[in-house]
Engineer: 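Dropping the structure in here first, questions after.
As a basis for the values below, the full set of heavy atoms in this structure was taken, side chains included, without hydrogen atoms, waters or symmetry mates. The first residue in the sequence is number 1, and the count goes up from there.
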Amino acid sequence: MATSTESVDLVGDEAARNLARAALFAALVGAFAYVTFPNPVSPVSVTLQVLGVFLAGIFLGPVWGAASIVLYLAAGALGAPVFQGGSAGVGQLVGQSAGYLWSYPLAAAVVGAVVHRSATPRDLDAVGVPTLVGAMVLGTVVIYAFGVAGLALVLSLGPVEAVTVGAAAFLPAEALKIAAAVGIVRSDAIAAN
């Protein structure tokens, strides 16, 4: 008695590739969380997480970029040591840096939407540096809006103090992260010259 079997793909190749890329960028953001610098003006340290958020939006687009950051947040909430300095747990999502963390999926989606102009990623060679920088500046505004609101709420800060310690204190670091992201995206063009 012969039995015929057929191969059935439960998930298409493209979905599997996108999920793998999302997991890779989630891991990258988690690794960047280990790179911290104390900020003497703010209770929140400077980390490289935002660079990972920018890169997720740029390379994966708005949908998968945001999905990668949701995956990152879920992993951290479930106990993976992927938050600032290797911390983990749901407590991080309600603490002093909660506003920043919650903003990351939206920021990745905004960066991806501006860069790709649709839900589907386009060739990054067609994206100019002003568009890249503008997308990341807009993403930074989203991150600061949530971060400042979170700090004001958790630490009972007034609006001026919250903006000072939650946004203004990070501007030089954000400029460096934006420059680094542009350098990473354009590294193939730099290497070719």
Engineer: Are V110 and V141 packed together at the side-chain level, in the sense that at least one heavy-atom pair is separated by less than 4.5 angstrom?
Structural biologist: no
Engineer: Determine whether L124 and H116 make a side-chain contact, defined as any pair of heavy atoms from C-beta on separated by less than 4.5 Å.
Structural biologist: yes
Engineer: Hey, what do you get for CD1 (I69) to CG (L106), rounding to the nearest 0.5 Å?
Structural biologist: 11.5 Å
Engineer: Do L101 and Q84 have side chains that approach each other closer than 4.5 Å (heavy atoms only, starting at C-beta)?
Structural biologist: no
Engineer: How close do A119 and P62 get, heavy atom to heavy atom, and via which atoms?
Structural biologist: CA-CG, 3.8 Å
Engineer: Counting only heavy atoms not in R117, do more than 12 fall under 6.0 Å of its CZ?
Structural biologist: no
Engineer: Looking at side-chain heavy atoms only, is the closest gap between L73 and F83 below 4.5 Å?
Structural biologist: yes
Engineer: Do you reckon L138 sits in the same ILVMFWY cluster as F146, going by side-chain contacts under 4.5 Å, direct or chained?
Structural biologist: yes
Engineer: Distance check, rounded to the nearest 0.5 Å: L71 atom CG versus W64 atom CH2?
Structural biologist: 9.5 Å
Engineer: If hydrophobic clusters are built from ILVMFWY residues whose side chains come within less than 4.5 Å, do L93 and V50 share one?
Structural biologist: yes
Engineer: Distance from Y34 atom OH to T47 atom OG1, nearest 0.5 Å?
Structural biologist: 12.5 Å
Engineer: Do W102 and V163 sit in the same hydrophobic cluster, where Ile, Leu, Val, Met, Phe, Trp and Tyr count as joined when their side-chain heavy atoms come under 4.5 Å apart?
Structural biologist: no
Engineer: Parallel, tilted or perpendicular, judged at 30° and 60°: which one describes the rings of Y144 and F170?
Structural biologist: tilted
Engineer: Before you tell me yes or no, could you show the steps for E14 and R17 under salt bridge (Lys or Arg N to Asp or Glu O under 4.0 Å), namely the whole-Å CA-CA distance, both residues' side-chain angles and the distance that decides it to 0.1 Å?
Structural biologist: CA-CA 5 Å; E14 184 177 354; R17 273 192 302 276; 5.6 Å; no
Engineer: In Å, rounded to the nearest 0.5 Å, how long is the span from OG1 of T164 to CG of L151?
Structural biologist: 11.0 Å
Engineer: Among side-chain atoms of Q49 and Y72, is any donor-acceptor pair under 3.5 angstrom?
Structural biologist: yes
Engineer: Spell out, as yes or no, whether a donor-acceptor pair under 3.5 Å connects the side chain of Y100 to the backbone of G150.
Structural biologist: no
Engineer: Go through the steps to decide whether F59 and I184 satisfy the test side chain to side chain contact (heavy atoms under 4.5 Å, CB included), and finish with yes or no.
Structural biologist: CA-CA 11 Å; F59 283 107; I184 291 167; 4.3 Å; yes
Engineer: When you look at L155 and V165, which way does the side chain to side chain contact (heavy atoms under 4.5 Å, CB included) test go after all the steps?
Structural biologist: CA-CA 11 Å; L155 300 179; V165 301; over 6 Å; no
Engineer: Between F54 and F25, is a ring pair (Phe, Tyr, Trp, His ring centres under 6.0 Å) present by the stated rule, with each step listed?
Structural biologist: CA-CA 10 Å; F54 291 159; F25 275 92; over 10 Å; no
Engineer: Is a side-chain N or O of N39 found less than 3.5 angstrom from the main chain of A169, in a donor-acceptor match?
Structural biologist: yes
Engineer: Tell me, do V53 and V111 make a side-chain contact under 4.5 Å, heavy atoms counted?
Structural biologist: no
Engineer: Please answer: with hydrophobic residues joined when any side-chain heavy atoms are less than 4.5 Å apart, are V154 and V148 in the same cluster?
Structural biologist: no
Engineer: Y104 versus V70: any side-chain heavy-atom pair under 4.5 Å?
Structural biologist: no
Engineer: Donor-acceptor pair, distance only, cut-off 3.5 Å: does the side chain of R122 make one with the backbone of V115?
Structural biologist: yes
Engineer: Would you mind reporting whether V82 and Q92 have side-chain heavy atoms less than 4.5 Å apart?
Structural biologist: no
